[in-house]
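Note sheet for the following structure.
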Amino acid sequence: MTPMRESSTFPRTVIAEIQRAAREGIYDIRGFGAKRAIPSFDDLLFLGASMSRYPLEGYREKCGTDVAIGGHHGAPPLQLRIPITIAGMSFGSLSAPAKEALGRGASQMGTSTTTGDGGMTPEEREHSSLLVYQYLPSRYGMNPDDLRRADAIEVVVGQGAKPGGGGMLLGQKISDRVAEMRDLPAGIDQRSASRHPDWTGPDDLRIKIEELREITDWQKPIYIKVGATRTYFDTTLAVKAGADAVVVDGMQGATAATQEVFIEHVGIPTLPATRLAVEALKDAGVHRQVQLIVSGGIRSGADVAKALAMGADAVSIGTAALIALGDNSPDLDEEYRKLGSAAGFYDDYQDGRDPAGISTQDPELASRLDPELGGRRLANYLNVLTLETQTLARACGKTHVHNLEPEDLVALTVEAAAMAKVPLAGTEWTPGN
Amino acid sequence: MRQLNQALHDSTDGSFEVLRPDGRHAIAVGLDSAATVTIRGHVGYYCGGMNQQATVVVEGNAGPGCAENMMSGSVRVAGNASQYCGATAHGGLLVVEGDAAARCGISMKGADIVVGGSIGHMSAFMAQSGRLVVLGDVGDAFGDSIYEARLYVRGKVTGLGADCVEKEMRQEHATELAELLAAAGFDQADVGEFRRYGSARKLYHFDIDHAAEY
Ligand SMILES: Cc1cc2nc3c(=O)[nH]c(=O)nc-3n(C[C@H](O)[C@H](O)[C@H](O)COP(=O)(O)O)c2cc1C
């Protein structure tokens, strides 16, 4: 008998998915980001100081982390103490305590948080010192009072997990409050649009942005968020359309609920997207004037520092922030197992039964998340990211994290070297140059 | 434009006249007062966008997105309106005396829209709530993926979109239709000539046997 051998073409996960598809007759919908291995910031290294560069003293010599976002067209920019922001995640996909905790954590660290596809809740406004208000295709809960209450407006064209896809919120998460905010019946599966209802293309978008500026008396910075696909052109067009900041979300960026096939197979990783966006800003002559915020798979200060070294002005985090609040905690392993998952694997944000009380609208589950404690944990985590980023910047001799530059980087793989356009470690070779 | 909108934002009520609008975009957007603004001519994109309380009258044609996301108050277009008029509007009354182009009332969320002429295709797409009244004809894919909005049409409908069906016109509907027609200044129209359309609610929960309709 031949020994048992797992197929690389049909490994157990693939077999299980075919069986599930045959059983259920609907594509797999889940939360979280892409799980496949892709080239990432892990494939870059810093060179650090040496004979020709000298480092800063850790803890003694100052290494700045502040950044101003969004002043390009004259609105008061958001003054962030750290170059790490909290990405847009909707009330609806997340519980009210989770939104509040994100606001509290971000505010403690002097950074911004962002609403999402479901409107602004009073709790998150109250607990977020700097709140970015998303302007999405669905326009759920969109209203001029909240536009004026916001500190900035983010026009969402796309998201890394699903460039070209619309939102989904399954019936089990449409509580009465969520339904009311979205003007929808409670309990129904809700599919939100993938295109904006009243503009198509960058020329229209320019006029749309002009309207938003007029409505808010030119007082709000306007960001444009795109999923990473044709990033060079998207960034160029976003600048032309009048963006004060561009948010580029790589394909590994998470979602609350999207088809698995979409999450894993559409878009380009954050690594090449960062380089393309920076190139576009430089070519348009607005690098550092129109800020670039990158997101998708940011986990550590190393990721932050590498994104900044490649030319981003700030990063944004989703998944990592949720994990900091308590998502996928080993303490909940038993409960995750009852849902057919396990701590470290849980990705069913669409399902509404999150034992951590984060991706749910069930009042009992949501009440498990203490927003103060969650906020504290998020602040701790943001603090660690910041300290790590400064550690790397100091090692490269920089007095501000924004002084990191591509010259500080090398690549570990040929792929990453080509995507980031930095030399392969130990060589002078940058593929494509 | 900046000065005009700023002046409108700064006022608490009163009457304004905009002469020679020349098709400019974003005229009288973001108003939040009981002001009356009469625009003597054609306007570009997003006229009356996000209106609250104010009365905006366009004595001409309106470009795309007229009265988009209106919250309350009213916008009246004496001529025709381009695409996506009344898009995502949450409240208030939009009246188009002439025709409206494609995607009229797209994703509307509670507003009332009354069109004296005909409207284009994909109108009331994903319409969530509110009421749309059309005295003329309607293009293809009307009310596609509609939620709870109520649609009334006097003329013919080229085609209904997914999950949109004709519904019985009961007394309460005739009453609300008569009120809407009166509010829009079309009181002479005969309520009995209208048909009502709305959601079959079959797409509210995913069902494999309706997969082709998504
Ligand atoms: C629960 C959840 C809800 C989200 N909701 C939105 C949303 O409403 N609008 C949006 O633009 N992005 C949304 N996103 C995507 C995030 O804004 C962000 O792009 C992504 O999480 C970044 O990648 P990361 O999770 O790897 O940090 C959501 C993500 C998650 C995890």
Side-chain angles (χ1 to χ4, degrees), chain A residues 21 23-27 29 74 119 135-148 166 168 170-172 174 179-200 203-220 259, chain B residues 1-2 4-6 8-10 24-32 44-47 49-52 63-66 68-71 83-91 103 105-110 122 125-126 128-130 145 147-149 199 201 203-209 211 214:
Chain A
R23 201 169 49 242
E24 295 174 13
I26 177 172
Y27 37 51
I29 297 173
Y135 190 76
L136 293 119
S138 70
R139 310 277 166 88
Y140 291 137
M142 173 50 54
N143 70 82
D145 296 328
D146 285 342
L147 275 178
R148 294 182 197 108
M168 283 188 173
L170 302 186
Q172 56 269 33
I174 312 264
E180 194 187 320
M181 278 180 70
R182 298 180 184 220
D183 301 285
L184 283 172
I188 69 167
D189 288 347
Q190 165 258 293
R191 302 143 288 144
S192 44
S194 57
R195 291 205 306 263
H196 280 263
D198 58 356
W199 61 269
T200 37
D203 297 335
D204 279 7
L205 178 54
R206 194 183 57 72
I207 303 170
K208 174 49 76 178
I209 287 179
E210 190 183 313
E211 183 208 8
L212 294 172
R213 291 200 191 278
E214 283 295 325
I215 289 171
T216 53
D217 294 331
W218 291 71
Q219 291 304 301
K220 309 293 171 186
Q259 298 92 326
Chain B
M1 193 50 49
R2 187 71 288 273
L4 168 65
N5 281 320
Q6 191 68 56
L8 295 173
H9 293 173
D10 292 343
R24 298 265 176 88
H25 307 312
I27 297 182
V29 296
L31 304 196
D32 188 10
Y45 281 57
Y46 309 128
C47 178
M50 299 221 185
N51 186 44
Q52 290 166 295
C66 176
E68 67 85 18
N69 214 90
M70 175 163 55
M71 305 303 294
Q83 300 184 78
Y84 6 93
C85 72
T88 76
H90 287 70
R103 295 169 200 271
I106 182 171
S107 202
M108 56 193 281
K109 298 172 177 21
M122 288 299 268
F125 175 60
M126 291 181 102
Q128 293 176 210
S129 60
S145 305
Y147 293 101
E148 293 295 303
S199 180
R201 304 190 179 97
L203 299 184
Y204 277 15
H205 294 281
F206 184 85
D207 177 345
I208 183 62
D209 297 319
Y214 283 88

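The chains referred to below are lettered A, B, ... by the order of the sequence lines, with proteins before strands, and numbering in each begins at 1.
Heavy-atom pairs under 4.5 Å with chain B peak, among A/Asp204, A/Leu212, A/Ile215, A/Leu170, at A/Ile215. Ranked by non-hydrogen atom pairs under 4.5 Å with chain A, the options B/Arg103, B/Met122, B/Gln83, B/Met1 are led by B/Met1.
Using modelled atom types and a 3.5 Å distance limit, the side chains of A/Asp217 and B/His9 yield a donor-acceptor pair. Side-chain contact of A/Glu214 with B/Asn5: a donor-acceptor pair under 3.5 Å is present, judged by distance alone.
For the pair A/Ser138 and B/Ser107, the tightest heavy-atom approach, listed with the atom from each and the gap, is O-OG, 4.0 Å. Nearest heavy atoms, A/Asp198 versus B/Tyr84: O-CE1, 3.3 Å. Among all heavy-atom pairs drawn from B/Ala26 and A/Glu211, the shortest one is CB-CA, 3.9 Å.
For B/Met70, no part lies under 4.5 angstrom from a heavy atom of chain A. The contact between A/Pro185 and chain B is made entirely by side chain atoms (from C-beta outward), counting heavy-atom distances below 4.5 Å. For A/Arg182, the part sitting under 4.5 Å from any heavy atom of chain B is the backbone (N, CA, C, O) and nothing else. For B/Gln128, the parts sitting under 4.5 Å from any heavy atom of chain A are the backbone and the side chain alike. Proximity to chain A involves both the backbone and the side chain of B/Met50, based on heavy atoms less than 4.5 angstrom apart. With a 4.5 Å cut-off on non-hydrogen atoms, B/Arg2 touches chain A through its backbone and its side chain both.
Among residues two or more places apart in sequence or in another chain, the ring pair (Phe, Tyr, Trp, His ring centres under 6.0 Å) test is passed with B/Tyr147 by B/Tyr204. Scored by the ring pair (Phe, Tyr, Trp, His ring centres under 6.0 Å) test, B/His25 finds B/Tyr45 as partners (sequence neighbours excluded).
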Given the rule in the side chain to side chain contact (heavy atoms under 4.5 Å, CB included) test, do B/Asn69 and A/Arg139 qualify, once you have shown the distances and angles that lead to the verdict? CA-CA 8 Å; B/Asn69 214 90; A/Arg139 310 277 166 88; 4.2 Å; yes
Show your reasoning for whether side chain to side chain contact (heavy atoms under 4.5 Å, CB included) applies to A/Glu210 and B/Tyr46. CA-CA 10 Å; A/Glu210 190 183 313; B/Tyr46 309 128; over 6 Å; no
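The shortest distance between side-chain heavy atoms of B/Met71 and A/Asp145 does not fall below 4.5 Å.
Around atom CZ of A/Arg206, no more than 12 heavy atoms belonging to other residues, nucleotides or ligands sit under 6.0 Å away. Surrounding CD of A/Glu180 are at most 12 heavy atoms belonging to other residues, nucleotides or ligands under 6.0 Å away.
Distance check: B/Gln52 CD to A/Asn143 CG gives 7.0 Å after rounding to the nearest 0.5 Å.
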